[in-house]
2 protein chains.
Amino acid sequence: MPKRVDHAERRTEIAEALVRVAGRRGLHAVGMRDVAAEAGVSLRLVQYYFETKEKLLLFGLEHLTGKFGERLAARIRAAGDGPGPRAMVEALLMTALPTDEESRIFHHLYTSYAVLAVTDRTLAAQPFIKDPDAAERALTDILRQAQAADLLQPGVDSQLTAAGLLAMSAGLGTSILVGQRSPESAAAVLDDHLDRIFRSVDAAA
Amino acid sequence: MPKRVDHAERRTEIAEALVRVAGRRGLHAVGMRDVAAEAGVSLRLVQYYFETKEKLLLFGLEHLTGKFGERLAARIRAAGDGPGPRAMVEALLMTALPTDEESRIFHHLYTSYAVLAVTDRTLAAQPFIKDPDAAERALTDILRQAQAADLLQPGVDSQLTAAGLLAMSAGLGTSILVGQRSPESAAAVLDDHLDRIFRSVDAAA
DNA sequence: CCTTTCATGGTACAGCCGTATCAACATCGT
DNA sequence: ACGATGTTGATACGGCTGTACCATGAAAGG
């Protein structure tokens, strides 16, 4: 056998090139040639590793969500060592906001994919869009634990609250993305709502 | 002068054709020829009334937001005759959810435009995206009135709450759009949060 | 009536897209 | 060493896109 190149790694490199250029010019404006140029390889090579554009996009989405999932998990883990459930919830929700460049790109492209998924059944069947309950379940669990520890206001429904907080976080995210709102004000909005869910005692850092 | 046709009306017809076909196949997949066919006119006519595709898209967005604004205003007015502030707030937020086909299309295309606005400065400068504070101000006012009438829970910040509710509504909207959530469960989430903002007395229809 | 002006239609032109084809190169098994 | 095979490159093709061009029809003003 010849040259022996790690296919998985190459595919990852190309997918990251896709993410970079799509984040810069928009997913709709990205072509195979752009990806190839960004990755510093020939067009043919992109075709070689991803036979078709659709497969490239699909893999790019996987890669994107994968990296974001890791990032999220890391932040939650870091917050887990900290003061309490509220810090974990804040970490989770704040990570979901497009604050730095990486999360901005994630939000941008995730939303792009979501829009495409409305009219593309292949995309709609992807797990990221099909099973986002993962985040919801995780948040629900955290809230339940907090509730068991009597850290929440009375009458809080963990599941509905988790769903609402995630939706709010997503909505704030796109607001930030299009420049309607600053990350700081979005954080203020989230905090205000958390104040109405957690008992006030817990507020400390 | 010749035939005398109401230009504004024709432009509206074509814009509605654009909205229809874009709602069906996605904004990214819409071409001039598709719009012409959908409107039952020739390609040249579309070019005649909108010199360029960009102008067509811009006008389509105006039309879309205009119609949606009217719809929203009508619902709020209808709810205004009703029982109280909470009903108005619910009307406003529920109208923003993609329940029927018309609002689904609105959400779909609005999000499409928002994504494009991330990389297109002309689109980003459009008022719809530049000044969506209209809805936020309106909701804030309603909440303030409710607060003055002592209908809210103590410690509610009208502005932050309004922003949060709108963001949550938007987030729930896209969840519905991509099929992650049913309109009913989204309504439940919203109601749950309103329960934590309004005093319980007000709950009746 | 007849010309001017608006309105409309058909069609052609570059340019870009994704994909396929053809060819060369490098490396590993034998 | 040598052929087989995984890997890379250059280029061509058909289809689609937005836009521009040319021509015709229809109605109001002289």
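Only heavy atoms go into these numbers, but all of them, side chains included; no hydrogens, no water, no symmetry mates. Since the structure is predicted, the reported quantities are computational estimates derived from the model, not experimental observations. Here is the naming used below: chain letters follow the sequence lines, and residue numbers restart at 1 for every chain.
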(message) Taking side chain to side chain contact (heavy atoms under 4.5 Å, CB included) as the definition, give me every residue that meets it alongside B/E13, ordered by chain and number, with sequence neighbours left out.
(response) B/E9, B/R10
Mind listing the side-chain donor-acceptor pairs of residues 56-68 of chain A below 3.5 Å, one per line with the distance, residues two or more places apart or on another chain?
residue, atom, partner, partner atom, Å
A/H63, NE2, A/E16, OE2, 3.1
A/T65, OG1, A/L61, O, 3.1
A/T65, OG1, A/E62, O, 2.9

Report, one line per pair, each donor and acceptor closer than 3.5 Å where one atom sits in a side chain of residues 45-55 of chain B; sequence neighbours left out.
residue, atom, partner, partner atom, Å
B/E51, OE1, B/K55, NZ, 3.0
B/K53, NZ, B/V30, O, 3.1

Between N or O atoms, less than 3.5 Å apart, protein on one side and nucleotides 21-24 of chain D on the other: list the pairs.
residue, atom, partner, partner atom, Å
D/dC21, N4, B/R44, NE, 3.0

(message) Counting only side-chain nitrogens and oxygens, does B/Y48 get under 4.0 Å of the OP1 or OP2 atom of C/dT8?
(response) no
(message) I'd like to check the side chain to side chain contact (heavy atoms under 4.5 Å, CB included) partners of B/M88; sequence neighbours left out, ordered by chain and number.
(response) B/I76, B/A79, B/I142
(request) Using a 4.0 Å heavy-atom cut-off, write out nucleotides 12-18 of chain D from 5' to 3' as B (base contacted by protein), S (sugar-phosphate only) or - (no contact). (result) B-----B
(request) Please state how far atom CG in A/D6 lies from atom C1' in D/dG6, giving the value in whole angstrom units. (result) 14 Å
(request) Quick one: list whatever passes salt bridge (charged side-chain N to carboxylate O under 4.0 Å, His left out) with A/R75, sequence neighbours left out. (result) none
(message) Can you measure B/F50 atom CZ to C/dT8 atom P for me and round it to whole angstrom units?
(response) 13 Å
(message) For B/D157, give me all partners under salt bridge (charged side-chain N to carboxylate O under 4.0 Å, His left out), at least two apart in sequence or on another chain.
(response) none
(message) I'd like to check the salt bridge (charged side-chain N to carboxylate O under 4.0 Å, His left out) partners of A/R25; sequence neighbours left out, ordered by chain and number.
(response) A/D34
(message) Let's see if you get this right: which residues in residues 8-18 of chain B place a heavy atom under 4.0 Å from DNA chain C?
(response) B/R10
(request) Would you mind classifying the nucleic acid contact of B/Y49 as base, sugar-phosphate or nothing, using non-hydrogen atoms under 4.0 angstrom? (result) sugar-phosphate
(message) Taking only side-chain N and O atoms of A/H7, does any of them lie within less than 4.0 angstrom of OP1 or OP2 on D/dT7?
(response) yes
(request) Report the residues that fulfil side chain to side chain contact (heavy atoms under 4.5 Å, CB included) with B/A187, sequence neighbours left out, ordered by chain and then residue number. (result) B/M94
(request) Specify the closest pair of heavy atoms between B/L166 and B/L92, including all atoms of both residues, with the distance to one decimal. (result) CD2-CD2, 4.0 Å
(request) State, yes or no, whether a side-chain contact exists between B/T119 and A/H28 at a heavy-atom distance under 4.5 Å. (result) yes
(request) Sequence neighbours left out, what passes salt bridge (charged side-chain N to carboxylate O under 4.0 Å, His left out) with A/E38? Give chain and number order. (result) A/R20, A/R24
(message) Just the rounded figure in Å: distance from P of C/dG9 to CG of B/L45.
(response) 6 Å
